[in-house]
Amino acid sequence: MTRPERIRRPGRLLVTGGAGFIGSAFVRDILGRRDGTEITVIDKLTYAGNRANLAAVEADPEQAARLQFVQADIADPAVVGPLVRTADAVVNFAAESHVDRSILDPEAFLRTGVIGVHVLLEACRAEAERARAGERAAAPRFVQVSTDEVYGSVDAGHSTESDVLAPRSPYSAAKAAGELLVQSYFVTYGLDVVTTRGSNTYGPYQHPEKLIPLFVTNALEDRPLPLYGDGMQRRDWLYVADHAGAVEWVMRHGTAGETYNVPGEAELPNREVVRRLLDRLGKPWSLVRQVEDRPGHDRRYAMDGSRLHALGWRNRVGFDEGLAATVDWFRANEAWWRAVKSDDWDAYYERQYGARLATSQAAAANDTA
Ligand code: NAD
Ligand code: DAU
């Protein structure tokens with residue numbers, strides 16, 4: 001079935017946070033298709049942003065000619081306004097994305113997740129006015145990349161898009177606030193907006209602060225793996241190319257004002273994820289240390305994906321296939337992760353894990369399989 005597309009091809013996209021983990025996958029995938037699409041990335045290059053994530057496209061003259069990189073803050077209206085002026089769609093990946101850091105230092109989460117979103121929306125509103133005045137063909141579409149964490153911890157069943165939002169960490173509260181602002185611009189100003197709520201994403205180029213890349217890179221060095229609490233928290237794992245693909249699908253086909261869950265392919269307890277990655281690496285369970293839990297740790301996330309399926313999207317990568325590709329990528333790209341685990345990494349690691357590891361205990365043998 002041919003589905004109508006909301007964004008012209010080849011089009012011009014403004015991608016925020018395009019040097020991060022999922023944003024860079026989105027950019028690499030679209031430019032790699034060589035269909036003429038032009039992309040401007042705006043990225044502040046925080047500790048999580050990494051120009052090396054775009055090295056493959058920047059080294060390819062045909063793709064590099066269609067990529068413009070602007071190092072700036074999405075909360076800066078002077079930079080954002082002119083960039084939105086030429087965009088068919090604004091895809092907002094930019095955020096502080098790590099729950100543990102939001103517990104240590106929440107403020108940046110609010111600045112980017114709320115004020116930054118507001119600045120982007122205001123720029124889109126100005127362009128919608130220009131479209132109404134006949135000064136451009138159509139208003140830009142705004143795509144907000146959000147998270148399953150806005151639902152809070154889900155004891156049983158699967159969250160649907162109309163469920164009440166109940167975020168429980170500064171990270172997820174900032175993401176929920178950003179979403180609500182986006183929705184308000186749809187209702188109040190008639191802006192063309194869509195929102196995605198993705199589940200736990202993993203894959204190449206993920207910052208090693210997150211569970212899978214942290215444990216893979218630590219295990220490669222035979223260092224301890226700090227498992228929070230009993231390790232029985234459950235997440236639904238989504239391969240990065242599927243997350244980026246779903247965001248693009250919603251950008252092209254989603255109904256204005258609608259929100260779409262993007263579930264993964266495997267709801268698993270953390271212990272089981274760790275067991276599988278150690279198997280792939282050929283490393284022993286004895287590396288795993290049980291450490292003090294994350295405060296307010298959400299026990300489970302799980303979403304219903306019917307609305308996205310009805311829109312025509314299907315994930316392509318199962319968990320074992322994706323995990324094998326991820327583990328192998330980290331093994332083959334040691335220079336990439338060693339560079340990321342430098343500068344202020346040691347200070348962060350000590351702050352987050354120093355006391356935890358000092359009081360840790362051997363994790364009970366894995367019994368989740
Ligand atoms: P990431 O931390 O790897 O990348 C975030 C990027 O945003 C970085 O390049 C950073 O430099 C940039 N950035 C941060 N603040 C900025 C600002 N003020 N202005 C401009 N750029 C800024 O994050 P990710 O894992 O790729 O996540 C991308 C988006 O997807 C986030 O909005 C996140 O909430 C959402 N999400 C992530 C997951 C996941 O499991 N990783 C799941 C669901 C949703
Ligand atoms: O669910 C979507 C969310 O997934 C995204 O919105 C976030 O941006 C992303 O960071 C991720 O959040 P989580 O907190 O679920 O991911 P993280 O990799 O930090 O942790 C995954 C699980 O592993 C969680 O239950 C906490 C646990 N964990 C994590 C780390 C870093 C540990 O046990 N030890 C650790 O050292």
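Whatever order the structure lists ligands and atoms in, that order sets their numbers, starting from 1.
- The heavy atom nearest to atom 20 (O) of ligand 2, out of those in Arg235, Arg294, Lys210, Arg271, is found in Arg294.
- For a heavy-atom separation below 4.0 Å, the residues in contact with ligand 1 are Gly17, Ala19, Gly20, Phe21, Ile22, Asp43, Lys44, Leu45, Thr46, Ala48, Gly49, Ala72, Asp73, Ile74, Phe93, Ala94, Ala95, Ser97, Thr112, Val145, Ser146, Thr147, Tyr171, Lys175, Gly198, Ser199, Asn200, Thr201, His243.
- In this structure, of Tyr301, Tyr349, Tyr228, the residue bringing a heavy atom nearest to atom 33 (O) of ligand 2 is Tyr228.
- Applying the 4.0 Å criterion to heavy atoms of Tyr171 picks out, from ligand 2, the atoms 5 (C), 6 (O), 7 (C), 8 (O).
- Ser342 and Arg338 form no side-chain donor-acceptor contact under 3.5 Å, judged by distance and modelled atom types alone.
- Proximity of the aromatic rings of Tyr202 and Phe319 is defined here by a centroid distance below 6.0 angstrom, and this criterion is met.
- In terms of polar-atom proximity, Asp148 is counted as a contact of ligand 2, with an N or O under 3.5 Å from an N or O of the ligand.
- Shortest contact from atom 16 (O) of ligand 2 to any protein heavy atom: Asn200 ND2, 3.5 Å.
- When all heavy atoms of Ala302 and Glu267 are compared, the closest pair comes out as CB-OE1, 3.8 Å.
- In terms of heavy-atom proximity, Val240 sits nearest to Thr201 at CA-CG2, 3.6 Å.
- Evaluation of the ring pair (Phe, Tyr, Trp, His ring centres under 6.0 Å) rule for His158 yields no partner, not counting sequence neighbours.
- Atoms of ligand 2 found under 4.0 Å from any heavy atom of Leu214 (numbered from 1 in listed order, with element): 36 (O).
- For ligand 2, the atoms closer than 4.0 angstrom to any heavy atom of Glu209 are 31 (C).
- The shortest contact between atom 18 (O) of ligand 2 and any protein heavy atom is with Leu211 N, 2.8 Å.
- Ranked by closest heavy atom to atom 26 (C) of ligand 2, the top entry among His297, Arg356, His98, Glu96 is His297.
- Of the candidates Asn270, Asp298, Thr201, it is Asn270 that places a heavy atom closest to atom 23 (O) of ligand 2.
- From the protein, the heavy atom lying nearest to atom 13 (P) of ligand 2 is Glu149 OE2, 3.4 Å.
- Here the closest heavy-atom approach between residue Leu357 and residue Pro226 is recorded as CD2-CB, 4.2 Å.
- For Glu107, the CD atom is loosely surrounded, since the number of other residues' heavy atoms within 6.0 Å does not exceed 12.
- Ligand 2 has no N or O atom lying under 3.5 Å from any N or O atom of Gly198, backbone or side chain.
- Minimum heavy-atom separation, Leu311 to Trp249: O-NE1, 3.0 Å.
- Of all atoms in ligand 2, listed by their number and element, those nearer than 4.0 Å to a heavy atom of Leu227 are 33 (O).
- Using cut-offs of 30° and 60° for the angle between ring planes, the Trp329 and Tyr205 rings count as tilted.
- Below 4.0 Å from some heavy atom of Val99 lie the following atoms of ligand 2, by number and element: 14 (O).
- Protein heavy atom closest to atom 8 (O) of ligand 2, with residue, atom name and distance, is Ser97 O, 2.7 Å.
- Between Trp345 and His207, the ring planes lie tilted relative to each other; the angle falls in the 30° to 60° range.
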Notebook entry, point to check: Can Tyr47 and His98 be said to form a side chain to side chain donor-acceptor pair (under 3.5 Å), step by step?
Noted result: CA-CA 11 Å; Tyr47 80 91; His98 191 36; over 6 Å; no
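- Ionic pairing of Arg299 and Asp230 is present here: one or more N-O contacts between side-chain nitrogen and carboxylate oxygen are shorter than 4.0 angstrom.
- Nearest protein heavy-atom neighbour of atom 36 (O) of ligand 2: Tyr353 OH, 2.7 Å.
- A donor-acceptor pair shorter than 3.5 Å cannot be found between the side chains of Lys283 and Asn218.
- Below 3.5 Å of separation, one finds no N or O of Gln233 facing any N or O of ligand 2.
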Next item on the list: Tell me, with the steps shown, if Thr16 and Asn92 meet side chain to side chain donor-acceptor pair (under 3.5 Å).
Entry: CA-CA 5 Å; Thr16 77; Asn92 184 29; 2.5 Å; yes
